[in-house]
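Values below: every heavy atom of this structure, side chains too, minus hydrogens, waters and symmetry copies. One-based numbering, in listed order, for ligands and for the atoms of each.
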Amino acid sequence: MSLLEDLSWRYATKKMNGERIPADKLAYILEAARLAPSSSGLQPYKIIVISDPALLAKVKEIAYNQSQITDCSHLLVFAAWDGYSEARITRVFNYILDERGLPHQTMDDYKQTILNLYEPLGTEWQAHHAAKQSYIAFAMAIAAAAEQRIDATPIEGFDTAQLDALLKLTGSGYRSTVLLPLGYRQEEGDWLVKMKKVRTPQADFVTELTLADVAAPADQPLPAASQR
Ligand SMILES: Cc1cc2nc3c(=O)[nH]c(=O)nc-3n(C[C@H](O)[C@H](O)[C@H](O)COP(=O)(O)O)c2cc1C
């Protein structure tokens, strides 16, 4: 199977059947997420795994009662740092340097560069930046699940403040960003399962530029790719 076949197979499953997924497949999906790239390698996020039906029922209440939350096998909650700090960055860099057998000072200049960049942008910008990193791991988990023929539903439809309170994330330095229930589709009752997968045509999605294109006067906007 190719990655493109896997991505064509998957869809945002609307109805799951409650069946458990094997532990090795869950571990594979979590490992794919762990291997995701992140800005400066900081991995400013983590994943919380929930399979306890009682806790899933509580999560569902604050996720617009989306049935996949309780009909999944495992729910992955992606949570990202609520901001950057010298202590946090130092901890990660020191870990990386220890693993590589290098002195802690090796990355001091780089650390100062990113602190100088991030600090003036404020905590909200920083939290947003960290959240964006978590979505890269989220995408890796989605692709890995598809490869393992595990269904998944990307879910942003939930109240983050309420979920953070429920999961005791509030004040912990992390904020929930996005959810990924994993399980198996139940075709009956799933309105999306047989629908055609629709995406923006490649011609509109991808634009190839040359210097001549961008050197054009500002009042001459670039033609849409489909008209080029
Ligand atoms: C970040 C993100 C948030 C989403 N939130 C929800 C959601 O809350 N509930 C849901 O049923 N689908 C949700 N979706 C699924 C999208 O609607 C779906 O991926 C999109 O329509 C493309 O369809 P496909 O995934 O079936 O190919 C979300 C997708 C993404 C990437």
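Listed by atom number, the atoms of ligand 1 under 4.0 Å from Lys197 heavy atoms are 24 (P), 26 (O), 27 (O). Of all atoms in ligand 1, numbered sequentially from 1 with element shown, those under 4.0 Å from a heavy atom of Lys14 are 10 (C), 11 (O), 12 (N). Using a 4.0 Å cut-off to heavy atoms of Tyr11, the atoms of ligand 1 that qualify are 26 (O).
If you take CZ on Arg185 and CG on Leu192, they are separated by 9.5 Å, rounding to the nearest 0.5 Å. Atom CD1 of residue Ile155 and atom CD1 of residue Ile69 lie 4.0 Å apart, to the nearest 0.5 angstrom.
Applying the salt bridge (charged side-chain N to carboxylate O under 4.0 Å, His left out) rule to Asp52 yields no partners; only residues at least two apart in sequence or on another chain are considered. For Tyr118, the ring-ring contact (aromatic ring centres under 6.0 Å, His included) partners two or more places apart in sequence, or in a different chain, are Tyr84, Trp125, His129.
Under the 4.0 Å distance rule, the nearest protein heavy atom to atom 17 (O) of ligand 1 falls outside the cut-off.
Considering only non-hydrogen protein atoms, atom 6 (C) of ligand 1 sits nearest to Pro154 O, 3.0 Å.
Polar contact with ligand 1: present for Ala12 (N/O pair, distance under 3.5 Å).
Note on Lys25 versus Glu31: no salt bridge recorded, every NZ/NE/NH1/NH2 to OD/OE distance being 4.0 Å or above.
Using 4.0 Å as the threshold, Arg199 has a heavy atom nearer than that to some atom of ligand 1.
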